[in-house]
2 protein chains.
Amino acid sequence: MATDDNRSLTLRDVSEASGVSEMTVSRVLRNRGDVSDATRQRVLKAAKELGYVPNKIAGALASQRVNLVAVIIPSLSNMVFPEVLSGISEVLEDTELQPVVGVTDYLPEKEEKVLYEMLSWRPSGVIMAGLEHTDAAKAMMRAAGIPVVEIMDVDGKPVDAAVGISHRRAGREMAKAILKAGYENIAFLGTKMPLDHRARKRFEGFTEALAKGGVEVMDQEFYSGGSALAKGREMTEAILERSPEIDFLYYSNDMIGAGGLLHLLDKGVDVPGEIGLAGFNGVELLQGLPRQLASMDACRRESGRKAAEIIAARVKNEPCDQIVELTPKIAFGDTLKRR
Amino acid sequence: MATDDNRSLTLRDVSEASGVSEMTVSRVLRNRGDVSDATRQRVLKAAKELGYVPNKIAGALASQRVNLVAVIIPSLSNMVFPEVLSGISEVLEDTELQPVVGVTDYLPEKEEKVLYEMLSWRPSGVIMAGLEHTDAAKAMMRAAGIPVVEIMDVDGKPVDAAVGISHRRAGREMAKAILKAGYENIAFLGTKMPLDHRARKRFEGFTEALAKGGVEVMDQEFYSGGSALAKGREMTEAILERSPEIDFLYYSNDMIGAGGLLHLLDKGVDVPGEIGLAGFNGVELLQGLPRQLASMDACRRESGRKAAEIIAARVKNEPCDQIVELTPKIAFGDTLKRR
DNA sequence: TAGCGCTATGTTATCGTGAGCATTTCGCCT
DNA sequence: AGGCGAAATGCTCACGATAACATAGCGCTA
């Protein structure tokens, strides 16, 4: 039991309690170097009895090694990023590295601030969502002298390494699939997106591929805030009222797509006969809806895993990929096909 | 621009570049002590040009202050915890404290390990989900000599402070509401719960209050893994096949409840006339379902906020509450009433 | 028994910063 | 001009650990 004299225990306390030098204690606790089994046991016993917890702050300063990986993402409530995180954790668990998460709320200035904070802890690497950052942020990442992996997007020029899908291509592929299924009056529904570059790129790729097929986006609707499911309903209702001839709705994420789906089913619309639907992300959460929404997997877990692998390899000075483009799979579900 | 000679910049580099002592640079960068405006500008300019980022590792060691708050939660993919986190962040943003998140996957041993890791960074406080921990974990928290707030539950004895709702009471209140609405053949559907103590306590409170009303839980069904929505459907189908006389289904969370709701609507069951439903958590996400599921708010954001406030107060040696019981509000929605 | 080589352990310096005190600078008053 | 006080700046050491090197102890062999 620790006799907490308000100041926390140090190696010295353990060394005194076990009658060996601090160095030996340090060696025992890190399993490093040769220590006789007798002393090892004695030290471990003393450490346990005192309730000693090593001070990594001091350790990191002395060894010049901080086994943290900064992971910077826009949001935790998006369902997308927790899955990326778990991919990262899975891989890092087999190494001595540990992820530390920072959240930017999609704000570039906050991203910059969070990055600065994180770099001030001298992490071994950085995993950052997206390719768009302030100049200052890019400069910091370059200057840090550590591996940096930008994830979830490969449409642009990374600071260092990048892993993810091409959202332009994702938009294009979805457009092609929709055209091929025979839909012609196509609308887009998304978030207010000035800051969500990936959604923007999907939209760009989407319109581009439609244009190639001689089709223009018939109408658009954007939202912000609120429950995505409810917003999906509202937006769908609004856009169909405005443009009743629409026969396909492409949503920028699955949640609003699900809202739209529920709305249409309520109204008794024939999905996908009368109106087809597609979302984006392939969120597992939504399995169990009355119809399975067409979607496109964003390779979230895989992005996380791959990014972590790159960091781990670079930390060990092993060779590794610089740019990894993953290929999202289109899932037709029940809402993207025409008879 | 940093001329990155592979080793990172220190105060000394900035001090040499600006012709003042390291101490003065340190003072400028922390806005502390008297520094003439001229030097301040010079130092800031030099720091910026070099791209200097202070080393918090060294700073923390020297000052014996680490402005981190360890936040330890079971999961990020649960929708519940991100909201707690944002409550915490909101409050801590106005202080110099910063949250750092650790995830336990509901495993006591992992919780212990994560706690140990976090304590080794000598945080200023700990916010930990739940009241059930290994003895070793409790000992560590006590020995750390820092404020500890256990959140999301107040049914038990906290190590230090606690903020949350009483899940026993939540279960009781829901049971009372269900009985009052006139339902009598009541079933419970939940997760396999040996490790989810809060769900267990809700269930205990639930059965207890039913018993007081002379009613016994008619049937139960548990699941693990998979998409909650889909599982909710499956479980609901299974339990109704087994016990067709059921007239109320109490789910341990909103997602499986939503799955059940969708299933019943598919089958053309009259909800809530024939069968009533309720979930738990009051997740905003689900607004937009065909019927609004009855639920009970777990005061997630508020728990986070309050916990953060306690930590902040304790760090400043201000007085504060030790135990805060929040009162969940029951939301009847469209699925808990009988005409 | 001297000497070699290994293992187990200790000693010293260092990591980058901040606290506390020491020193310098400068303006102002008598 | 001299002296005083406050503001500005610098110096030294400590923080708790680890790296790198030094040394003590031991068994074994020639």
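Order of the sequence lines fixes the chain letters, A, B, ..., with proteins taken first and strands second; residue numbering starts at 1 for each chain.
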Between protein and nucleic acid, restricted to nucleotides 21-25 of chain C and to nitrogen or oxygen atoms under 3.5 Å apart, what atom pairs and distances do you find?
none

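In this entry the distance linking CG of B:Asn55 with C1' of C:dG16 reads 6 Å, nearest Å. Between the CZ atom of B:Arg32 and the C1' atom of C:dT17 there is a distance of 13 Å, given to the nearest Å. Distance B:Arg12 CZ to D:dT12 P: 12 Å, rounded to the nearest Å.
Checking D:dT9, C:dA8, C:dG16 against every side-chain atom of B:Ala62, the shortest atom distance belongs to C:dG16. When distances run from any side-chain atom of B:Ser63 to the nucleotides D:dT9, C:dG18, D:dG16, the shortest one goes to C:dG18. Side-chain proximity of A:Ser36 to the nucleotides C:dA8, D:dT18, C:dA19 is greatest for C:dA8. When each of D:dA8, D:dA19, C:dT17 is scored by its nearest atom to the side-chain atoms of B:Thr39, the top-ranked nucleotide is D:dA8.
Applying the 6.0 Å contact sphere to CZ of B:Arg12 captures no more than 12 heavy atoms from other residues, nucleotides or ligands.
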All N/O donor-acceptor pairs, side-chain side in residues 93-100 of chain A, below 3.5 Å, sequence neighbours left out:
residue, atom, partner, partner atom, Å
A:Glu93, OE2, B:Lys110, NZ, 3.0
A:Thr95, OG1, A:Leu92, O, 2.8
A:Thr95, OG1, A:Leu97, N, 2.9

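Look at B:Lys113 and B:Glu117 and you find no salt bridge, because none of the NZ, NE, NH1 or NH2 atoms lies under 4.0 Å from a carboxylate O.
Within residues 16-26 of chain B, the residues having any heavy atom closer than 4.0 Å to DNA chain C are, in order of number, B:Glu22, B:Met23, B:Ser26.
Among the protein residues, A:Asp34 comes within range of the nucleic acid bases, having at least one heavy atom under 4.0 Å from a base atom. Counting non-hydrogen atoms under 4.0 angstrom, B:Leu61 reaches a base of the nucleic acid.
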